[in-house]
Amino acid sequence: MTTKQLAKQKQTNNWFACLVVSLCISSDKLVFCPMLCVCVCSRRVAMATRMKLKLKTVFVLYFMVSLMGLIYALMQLGQRCDCAEHDMPKDRTISRLRGELHRLQEQMRKAEPTKLPHKLAVKPAQPTIYIITPTYTRFVQKAELTRLAQTFLHVPQLHWILVEDSPHKTPLVSGFLASSGLAYTHLHTPTPRDRKLQEGDPSWLKPRGAEQRNEGLRWLREDRRGQPGADTQLGVVYFADDDNTYSLQLFEEMRGTQRVSVWPVGLVGGMRYERPVVEGGKVVRFHTGWRPSRPFPLDMAGFAVSLKLVIANQDACFDGDAPMGFLESSFLQGLVTMDELEPKAENCTKVLVWHTRTEKPKMKREEALQKQGLGSDTAVEV
Amino acid sequence: MPKRRDILAIVLIVLPWTLLITVWHQGAINPLLAARKGKSRSCIYLGGFHGYDSGSAAKWYATQKPCSSENNKDIVEVVHTEYVYSRPPPWSDVLPTLHVVTPTYSRPVQKAELTRLANTFLHVPNLHWILVEDSPRRTPLVTRLLRETSLNYTHLNVETPRNYKLRGDTRDPRIPRGTMQRNLALRWLRETFRSNNRHSQPGIVYFADDDNTYSLELFEEMRSTRKVSVWPVAFVGGLRYESPKVNTLGKVYGWKTVFDPHRPFAIDMAGFAVNLRLILFKPQAYFKLRGVKGGYQESSLLRELVTLNDLEPKAANCTKVLVWHTRTEKPVLVNEGKKGFTDSNVEI
C-alpha cells in the first residue's frame with residue numbers, strides 16, 4: 001500500500017473509532033444494534049479497495065438508519081397520551097367515593113338488627129369488657145339506655161349485659177337492644193318486694209340493683225364455664241349504672257386490669273369527686289366524705305374486676321341486705337385486699353366517670369289528663 | 001475538497017446524535033426503555049378535621065397511603081377503623097351540614113354533660129358543633145374538652161348580664177336561659193356564611209341543650225329539612241311527650257300540648273330545626289330577649305321565619321319520639337363543706 005492509502009486507512013480507522021465511541025456513549029438500543037451491524041459490515045467492506053467511496057456509502061447508510069430510528073422514536077412519542085399528572089385527581093375522587101360508599105354500607109349494616117357487631121380490624125387478643133347494667137322501667141329508661149349505648153358504640157370489644165328488674169323481658173328493652181348495634185345479653189330478674197324502693201322513698205334508702213348484678217355475674221360465670229380455654233378468661237367486668245356518664249378513656253384504662261383496678265368517681269358521696277389516694281403506686285387510703293371507715297368506700301362505678309378473678313371466686317356476689325354504702329364492699333371483700341388494688345387514671349388524679357342522676361320528669365299534667373282519660377297516646381314509646 | 005468532505009462526514013455523524021440527545025433529555029424515550037412495571041399509586045382518603053375557633057375556616061386534611069391498584073380493600077379498612085372507634089365519620093360533600101348550637105354554663109355536671117353529648121355527636125356525619133359558653137372568657141375546661149373530642153366545632157362565649165340571669169338557682173320560666181348564647185351563634189352563622197353563594201354546602205341549624213338526650217335517628221331526620229321541620233319531644237310541658245298535630249295531608253295544623261296550646265309555636269327548643277338558607281334569608285330573626293313569656297321563646301324566633309303551613313313534620317309524621325328533654329339532678333355537695341374537701345385542681 002502507498003502512504004496515501006495508509007493515511008486513508010488511518011483516517012477510516014479514526015472514523016470507526018469515533019463511531020464506536022459515540023455508540024458506546026449512548027445506550028439507545030434502537031440505534032445501537034443497526035449501527036453495530038453497519039459498523040461491522042462496513043469495516044469489512046472498508047478493508048477492501050476503494051475505501052473512499054465505501055466510506056461515503058457507510059456514512060450515508062449510517063445516517064439513514066439513525067434518522068429512521070429517531071423518526072420511529074418520535075412517532076412513538078406522538079402516539080403516547082397517558083400523562084401521569086391527570087391520574088391523581090381521578091384517583092382521589094374514586095377513593096373518596098369508595099370511602100363514602102363503604103361508610104354508608106356500614107351504616108346500613110348497623111341499622112339492621114344484629115346481636116354481634118361485624119368483625120372489624122380488631123386485635124383478637126384484646127380483653128373484652130363485660131358491662132353489667134341493672135335497669136328498671138321508668139319514664140327516662142329509654143333515654144338513659146339510648147345515650148349509654150351511644151357511648152358504648154365507641155368502645156371496641158365490649159359486651160353489654162343488661163339485666164332488667166322485671167319478672168319478664170320488656171318489649172321496649174328488647175327492641176332497643178336489637179337495634180343498638182352492640183353485642184349484648186338481655187337478662188331479667190325481679191327484686192323481692194321487701195328490698196324494693198317504694199313510691200316516695202328517697203333513693204338512698206335501700207341498695208338497688210344487687211339482685212340484677214348477681215344475675216349478671218351468674219350468667220357470666222355459666223357462660224364462661226361452657227367455653228373452656230385460657231383465652232376466654234381474658235376480660236374485665238365493670239358495673240355501669242344506666243344514669244352515669246362515662247368518658248371513652250375510662251374503658252381503655254380498665255382494659256388492662258389484672259385483679260381489681262380503681263379510679264376516681266365524680267359527683268358522688270356528696271363531694272365533687274371521691275378517689276383512692278395513691279402513694280408509691282399503691283392505694284393507701286380513700287378520700288371520701290361519707291363513712292370512710294367502710295372496707296371499700298368506693299362507688300359502683302369506681303372499680304373494675306378482671307374476669308379471671310370473678311370466675312375463680314364463684315361465690316363472690318353482692319349482698320342485697322348490706323347497709324347503705326356497703327354494697328360494693330360486700331362484693332370486693334372476698335376478692336381483694338387494699339394493697340392489691342391497681343390504681344388507674346394517672347394514679348387516681350383524673351375523673352373519667354361521673355355519678356350523674358337524671359331528674360324524674362314532672363308528670364302532673366299527664367296524670368291529670370289520664371284521670372280524664374285523655375292521656376297521651378300510649379302506643380307511642382317514650 | 002477532502003476537507004469539505006471530512007466536514008460533511010463530521011456533520012453527518014454528529015447531527016443524529018444531537019437530535020437523539022435533545023429528544024432524550026425531554027424524557028420521551030424513557031417509557032419505551034423502561035420495563036413494564038406496575039405503577040404504585042397512592043390512595044388518598046379524607047381523614048378527620050381540626051376544630052376551629054370562630055373566624056377561621058375549617059381545615060380538613062387528607063392522608064396519603066400507598067396501596068396497590070388492585071386491592072381496594074385497603075381504603076375501606078382504613079376508613080372503617082377511623083370511623084367506628086371514637087372518631088367522627090369522614091366529612092361528606094353530599095350530606096348537608098348539621099350546625100348544632102349548644103349553650104352551656106359552668107356547673108359541676110358541665111363536663112359530664114358535654115362528654116356524653118360529644119359521645120353522641122361522634123356518631124353523626126357532617127356535624128358542626130357550635131358551643132357557646134355563658135361566661136366572660138372561654139374556660140379552659142371546655143377548650144380542652146372540645147380539642148380532645150376531635151369533633152368539628154366552634155367555641156364561642158358571651159356572658160349573660162346579671163339582671164337577666166336566674167335569681168339563685170330556682171327555675172323561673174319567665175327569664176329565658178341561653179337566649180343570648182343562641183343569638184350569638186345565629187349571628188356567627190350569618191357572618192360566616194354570608195359571603196358564600198347559594199350553591200355552597202347546605203346546612204341545617206338545630207338548638208340542642210346540653211342535658212337532653214338525642215337518638216341518632218333524629219339527626220338523619222332533620223337533615224332533609226327544607227324550611228323548618230318539627231317532631232315530638234318527650235318530657236316537656238308536664239306530659240310524656242308534646243307533639244305537633246299533623247293532618248292526613250301531612251301538614252301541621254295544631255299542637256298536642258296542655259301548657260298553653262295557643263302559642264304560635266307550642267314546641268320545645270329541641271323539637272325543631274331550621275334550614276340555614278332560611279336563617280341567612282331572614283337576617284333579623286333572633287330569639288327575643290326581653291318581655292318573653294314562659295314557653296314563648298321558640299315562638300319569638302319561629303314566627304319571623306315560617307308560618308304554620310310551611311312546617312315539615314318528621315319522625316314518621318310526628319308519631320315517634322326521638323329526643324328526650326331529660327334534666328340532670330343537681331348533685332348535692334354537702335360534704336364539701338365551706339372550704340372544699342376535695343382538691344380544686346382536679347377537674348370534674
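Residue numbers start from 1 in every chain, and the chains themselves are labelled A, B, ... in the order their sequence lines are given, proteins ahead of strands. Hydrogens, waters and symmetry mates play no part in the numbers below; they use all other heavy atoms, side chains included.
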#### Entry: Pick from B/E242, B/R116, B/E113 with the largest number of heavy-atom pairs that fall under 4.5 Å of chain A
B/R116

### Message
I'd like to know which of A/T349, A/T146, A/T288 tops the heavy-atom pair count under 4.5 Å against chain B.
### Response
A/T146

### Summary
So, the part of B/P232 with a heavy atom under 4.5 Å from chain A: the answer is neither

#### Entry: Closest non-hydrogen atom pair, B/W231 against B/A270
NE1-O, 2.9 Å

### Task
Identify which of B/G237, B/S243, B/P331 forms the greatest number of heavy-atom pairs closer than 4.5 Å to chain A.
B/G237

### Query
Considering all heavy atoms of both residues, which atom of A/R275 and which atom of A/P264 are nearest to each other, and what is their separation?
CB-CB, 3.5 Å

### Task
Output the option from A/A143, A/G289, A/G266, A/A149 having the highest count of non-hydrogen pairs under 4.5 Å with chain B.
A/A143

### Message
Looking only at the side chains, is there a donor atom on one of B/T213 and B/T326 sitting less than 3.5 Å from an acceptor on the other?
### Response
yes

### Message
I need the minimum non-hydrogen distance between B/V321 and A/E381, along with the two atoms involved.
### Response
CB-O, 3.8 Å

### Query
Given a strict heavy-atom distance threshold of 4.5 Å, which part of B/L15 is in contact with chain A: side chain, backbone, both, or neither?
side chain

### Query
Stepwise, does the salt bridge (charged side-chain N to carboxylate O under 4.0 Å, His left out) test hold for B/D210 with B/R107?
CA-CA 12 Å; B/D210 58 4; B/R107 73 251 197 223; 2.9 Å; yes

### Task
Could you check B/K320 against B/E221 for salt bridge (charged side-chain N to carboxylate O under 4.0 Å, His left out), going step by step and ending with a plain yes or no?
CA-CA 11 Å; B/K320 277 165 66 170; B/E221 289 278 317; 6.0 Å; no

### Message
With chain B as the partner, which of A/W290, A/Y246, A/Y273 has the greatest number of non-hydrogen pairs under 4.5 Å?
### Response
A/Y273

